[in-house]
Structures are given as C-alpha cells and as structure tokens.
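For the single chain, residues carry numbers from 1 onward in sequence order. Please read all numbers here as calculations on a predicted model, not as lab measurements.
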Amino acid sequence: MIKKYYLLSPGPTPIPDEVLAVAAQPIIHHRTPEFSEIFMQVTEGLKYVFQTQEDVFILTSSGSGAMETAIVNTLSPGDTVISISGGKFGERWAAICRAYGVNVREIVLEWGADFSPDELAAELKANPGVKAVLSTLSETSSGAIYDIKGYGEVVAKTEAVLVVDGISGLGATPCPMDEWKVDIMVSGSQKSFMIPPGLAYIAFSSKAWKCVETAKLPRFYFDAKKAKKNLQKKTTPWTPAVSLIIQQKKALDIIKAEGLEGILEHHRVLGEATRSGVKALGLELLAKNPGNILTAVKVPDGIDGVQLVKTMQGKYKAYIAGAQDPNKGRFFRIAHLGYMGGFDVITSLSALELTLADLGFSFEKGRSVAAAGSVLRENWK
Ligand SMILES: *Cc1c(COP(=O)(O)O)cnc(C)c1O
C-alpha cells in the first residue's frame with residue numbers, strides 16, 4: 001500500500017496548501033516598504049486573534065522563545081513567582097525561571113488535574129510579594145485547559161502579573177487577552193496559527209510594561225523594549241523569518257475570513273466529536289477539564305501504550321502523539337487543532353480502531369467513527 005502520511009499531532013500541525021505555496025515565492029528584503037506593509041498586517045491580524053489593543057510582537061524563535069521573553073523582560077534576580085505546572089509545558093515556566101535565578105513557588109499538579117482560581121487566590125495570599133503567576137491555557141502534554149478567566153480576576157486584585165502560555169490554546173479555545181485581564185500572552189506559529197514552526201508571538205498589558213521598566217534580568221535578543229522601538233518603525237530589531245511572516249499573513253486571512261468565533265466553534269465541534277468517539281470505545285480521557293485542542297486518552301488495561309503509538313505511526317502513518325516522560329506509555333494524544341477538518345477526526349479514530357484491533361483489544365468495530373460522525377453531522381455548517 002502507498003503509505004500516506006497523516007499529521008495528527010498538536011504541533012507542528014497541517015498547513016493549508018495556499019499557505020505552503022507562499023513559501024515558494026522569491027524572498028524579499030525585510031527593510032523595505034513592501035515587507036513592512038505585510039509585517040504590519042500580520043501584527044494587526046495577531047491582535048485580532050489575541051483579542052487585544054496592545055502591540056503583539058513577532059519573534060523569530062519557537063514558542064519557548066516567547067516564554068523566555070516574558071520572563072527576562074519582567075523579572076529581576078531574586079524575585080518570586082508562582083508557577084502552575086500541570087505537565088511538560090507548565091514545568092518549562094519553572095525551568096526558565098530557575099535558569100535566571102528567579103525563585104519559583106511551583107504548584108505541581110498531577111497531569112490532567114485542574115487548579116481552581118480559589119486555590120490560586122489562597123496561594124497568592126500565602127505568598128505575598130509574588131511578582132508573577134505563570135500559567136498555561138492549554139497544557140498540550142495532558143490535553144487539560146485551565147480557567148484563565150478566573151485566574152485573571154484573582155491576579156488583577158494583586159500586584160502580580162498574569163502570564164499565560166497560549167502556545168497551543170490561543171486561536172483554538174477562547175482567551176480574549178484584554179477582557180480576561182491577561183498581562184502577558186505568548187503563542188507560537190506551529191499550532192493553531194497554521195504555519196510551520198519558527199515564529200513566536202507575545203503581547204504585554206500596561207501593568208506588564210511597568211514591570212519591564214524595572215526588570216533587571218539579563219536579555220539581548222529577546223529585549224521587549226528593542227522590539228517595541230522597532231515596531232514603531234514598522235520593523236523588527238533583527239532579521240525576521242521573512243517567509244514565515246508572509247505565510248502567516250496568508251493563514252491569518254483564512255482565520256479572518258472564517259472569523260475567530262467560527263474558528264473557535266470549529267475546534268469545539270472537533271473536540272466534542274473526538275471525545276465522543278473515544279468514549280464510545282469505552283476509553284477514558286486523561287484531563288478532568290479537557291480542551292478542544294487535543295484529546296489525551298488513557299491506554300486501556302492490558303494494552304502496551306508504547307506499542308499503540310508505534311503501530312499508529314509506523315504501520316498506519318497516523319501521527320498522533322504519545323505521552324511524554326514520565327508518563328510514556330500511559331496515554332496517547334489525538335490533536336484536532338489548526339488546519340484540521342472533521343474527517344481528520346474520523347481518520348484518527350479509524351486508525352485507532354485498526355491499531356486496537358491489532359493489539360487484541362476487544363470492542364465493537366466502527367463505534368468510535370459512528371459516534372464522532374453523528375457529532376460532526378449535527379454540527380456541520
Ligand atoms: C508547543 C508548546 C510549547 C513549546 O513551544 P516550542 O515551539 O516547542 O518552543 C510550549 N507550550 C505549549 C503549551 C505548547 O503547546
């Protein structure tokens with residue numbers, strides 16, 4: 001058989017053909033009016049997805065570069081932060097802080113567990129003087145989403161700033177930056193933004209800019225003030241990834257044509273279809289509060305989770321994601337974000353059923369596809 005490759009991972013995600021085609025155009029120089037115009041259109045488009053009046057800065061780096069930008073521009077050595085670690089990416093906040101000599105009060109959650117705004121309020125009360133709360137909109141390692149709106153209400157009453165990693169969640173699940181009182185929002189290009197890896201996005205509230213004024217951590221490439229000064233001149237401090245920015249313009253055109261609300265509703269339907277499909281097989285979800293970005297599914301008893309992912313990827317070329325360490329083999333992750341359609345959910349579930357049959361799991365064949373299909377059909381617009 002021809003082994004067709006199905007990218008069903010939570011990043012990089014598939015890219016629309018018309019966005020891919022843009023990358024084949026001859027490169028243009030970045031210090032030109034032509035490029036500046038595109039660059040500013042992308043900046044505006046990002047503000048729309050972020051739902052903010054603040055500037056959104058485009059960094060040439062992967063998403064983690066925007067996370068580092070958030071930390072080094074707002075904190076000083078010896079500052080204390082609260083970091084909500086619900087998985088691999090929450091842990092990254094704490095790791096960046098430690099690398100820069102910031103004290104971290106790390107709240108380590110079981111993967112997939114929730115953390116309420118009330119619990120956060122109690123933590124802030126018990127730790128006065130905290131400079132920032134570091135959180136994740138969609139924890140891509142577990143499929144859980146967190147109550148950023150609730151965190152925003154709690155943190156706004158304090159001196160601290162709320163920093164949100166929206167690298168997989170923004171543009172797939174609601175998180176209007178200004179309305180929800182997010183002080184620093186970061187995102188990346190290879191998840192819901194429908195372009196390849198290589199760009200990161202970040203915006204600061206006025207409360208966060210005040211921190212920038214006093215922050216003493218060392219920084220050079222990721223200096224927010226340099227980015228701001230250059231944005232006023234419609235450019236970037238360093239050579240940006242020109243082709244990626246032009247691709248982002250095209251992908252943002254698609255997002256704007258659909259409308260952010262339509263895009264979020266699309267993800268809601270794909271999330272619901274996927275969840276109903278896996279539940280129809282008698283499988284359990286990992287996250288207490290699963291998002292519409294990806295679905296993490298517990299590996300059923302008696303099935304080897306590493307073998308399951310290996311079979312889906314190796315035999316069926318259905319590139320879902322496994323679980324990261326230390327949970328390798330315990331669950332697997334089906335993504336449904338960015339440029340994925342209803343039939344990508346069907347593909348994932350079909351490949352999952354074939355794999356489960358190969359591994360000797362007993363279930364009624366076709367049930368997941370039927371269940372997901374009814375959700376899709378009821379919601380198809
Ligand atoms: C993908 C992802 C990251 C890491 O981004 P890189 O682009 O790999 O640096 C961070 N946080 C979350 C929630 C992600 O999904």
Side-chain angles (χ1 to χ4, degrees), residues 6-16 19-20 45-46 48-51 62-63 66 86-89 112 136-146 148 164-175 185-201 247-248 251-252 254-256 258-278 285-287 289-297 318-324 331-349 351-352 372 375-376 379:
Y6 298 95
L7 181 61
L8 303 160
S9 96
T13 59
I15 299 165
V19 174
L20 280 175
L46 292 171
Y48 170 66
V49 178
F50 274 58
Q51 295 283 285
S62 80
K88 207 79 203 157
F89 296 108
T136 313
L137 172 58
S138 154
E139 176 50 78
T140 318
S141 63
S142 74
I145 56 164
Y146 296 92
I148 301 300
V164 177
D165 169 356
I167 297 176
S168 69
L170 201 69
T173 195
C175 193
M185 175 63 90
V186 307
S187 201
S189 61
Q190 79 275 30
K191 312 270 166 100
S192 69
F193 284 93
M194 303 193 291
I195 69 163
L199 292 180
Y201 309 127
Q247 283 185 293
Q248 188 63 90
L252 281 165
I254 297 172
I255 292 170
K256 283 188 281 185
E258 189 69 36
L260 186 58
E261 226 169 276
I263 295 276
L264 300 179
E265 169 65 7
H266 171 78
H267 285 85
R268 187 195 66 73
V269 173
L270 298 197
E272 196 185 316
T274 308
R275 289 190 294 273
S276 68
V278 295
L285 307 183
L286 179 77
N289 197 8
N292 294 322
I293 294 94
L294 72 151
T295 300
V297 185
Y319 279 79
I320 57 141
Q324 289 147 296
F331 61 89
F332 57 91
R333 298 173 293 151
I334 300 173
H336 29 82
L337 85 156
Y339 188 57
M340 291 198 198
F343 293 115
D344 290 312
V345 170
I346 299 295
T347 299
S348 295
L349 293 170
L352 175 61
V375 173
L376 293 174
N379 291 280

Practice item. Specify the closest pair of heavy atoms between G198 and S189, including all atoms of both residues, with the distance to one decimal. Key: N-OG, 3.4 Å

Check your understanding: Taking all atoms of both residues into account, what is the closest heavy-atom pair of P12 and P197, and its distance?
Key -> CG-CG, 4.1 Å

Practice item. Indicate yes or no: at least one non-hydrogen side-chain atom of I167 is less than 4.5 angstrom from one of V186. Key: yes

Point to revise | Atom pair OG1 (T136) and CZ (F89), whose distance is rounded to the nearest 0.5 Å | key: 9.5 Å

Check your understanding: side chain to side chain donor-acceptor pair (under 3.5 Å) with Q51: which residues, sequence neighbours excluded?
Key -> none

Point to revise | Flag side-chain contact, heavy atom, 4.5 Å: V164 against Y146 | key: no

Review point. Taking atom OG of S192 and atom CE of M340, what is their separation to the nearest 0.5 Å?
Key: 11.5 Å

Review point. Knowing that exactly one of T140, I320, L286 qualifies, which makes a side-chain contact (heavy atoms from CB on, under 4.5 Å) with R333?
Key: T140

Check your understanding: Quick one: side chain to side chain donor-acceptor pair (under 3.5 Å) partners of Y201, sequence neighbours excluded?
Key -> Q248

Review point. Within a strict 4.5 Å, meaning less than it, do heavy atoms of the S138 and S168 side chains meet?
Key: yes

Check your understanding: Taking only residues two or more places apart in sequence or in another chain, which ones pass salt bridge (charged side-chain N to carboxylate O under 4.0 Å, His left out) with E258?
Key -> none

Review point. Any side-chain heavy atom of R275 sitting closer than 4.5 Å to one from N292?
Key: yes

Check your understanding: Rounded to the nearest 0.5 Å, how far does CZ of F332 lie from CG of L352?
Key -> 4.5 Å

Practice item. Please list, chain by chain and in numerical order, all residues satisfying side chain to side chain donor-acceptor pair (under 3.5 Å) with N289, sequence neighbours excluded. Key: none

**Study point:** Validation row: I346, L376 side chains within 4.5 angstrom (heavy atoms)
**Key:** yes

Review point. When you look at M185 and L170, which way does the side-chain contact (heavy atoms from CB on, under 4.5 Å) test go after all the steps?
Key: CA-CA 9 Å; M185 175 63 90; L170 201 69; 3.7 Å; yes

Revision key, fill the gap. Residues 338-347 vs side-chain hydrogen bond (donor to acceptor under 3.5 Å, both in side chains), sequence neighbours excluded, gives none

Practice item. Determine the minimum heavy-atom distance between L349 and A273, stating which atoms define it. Key: CD1-O, 4.4 Å

Check your understanding: Minimum heavy-atom separation for A66 to S187, with atom names?
Key -> CB-O, 4.3 Å

Review point. Should the pair E265-R268 be classified as a salt bridge under the 4.0 Å nitrogen-to-oxygen rule?
Key: yes

Practice item. Among V345, L294, V278, L8, find the one that has a side-chain contact (heavy atoms from CB on, under 4.5 Å) with I334. Key: V278

Check your understanding: Heavy-atom distance under 4.5 Å between the side chains of L337 and H267, does that happen here?
Key -> yes

Practice item. Flag the pair S348 / T274 as yes when at least one side-chain heavy-atom distance between them is below 4.5 Å, and no otherwise. Key: no

Check your understanding: Between atom CD1 of I255 and atom CG of L260, what is the distance when rounded to the nearest 0.5 Å?
Key -> 8.0 Å

Review point. Partners of T295 by side chain to side chain donor-acceptor pair (under 3.5 Å), sequence neighbours excluded?
Key: H336

Review point. Just by modelled atom types, is the V19 backbone N or O under 3.5 Å from a matching donor or acceptor in the Q247 side chain?
Key: yes

Revision key, fill the gap. Note: G87 and S141 closest approach over all heavy atoms is CA-OG, 3.4 Å

Study note, to complete from the structure: Rounding to 0.5 Å, atoms CG (L199) and CD (Q190) come to a distance of 9.5 Å

Point to revise | Straight-line distance of C175 SG to I148 CD1, nearest 0.5 Å | key: 5.5 Å

Check your understanding: Which pair of heavy atoms, one from A200 and one from G63, lies closest together, and at what distance?
Key -> CB-CA, 4.0 Å

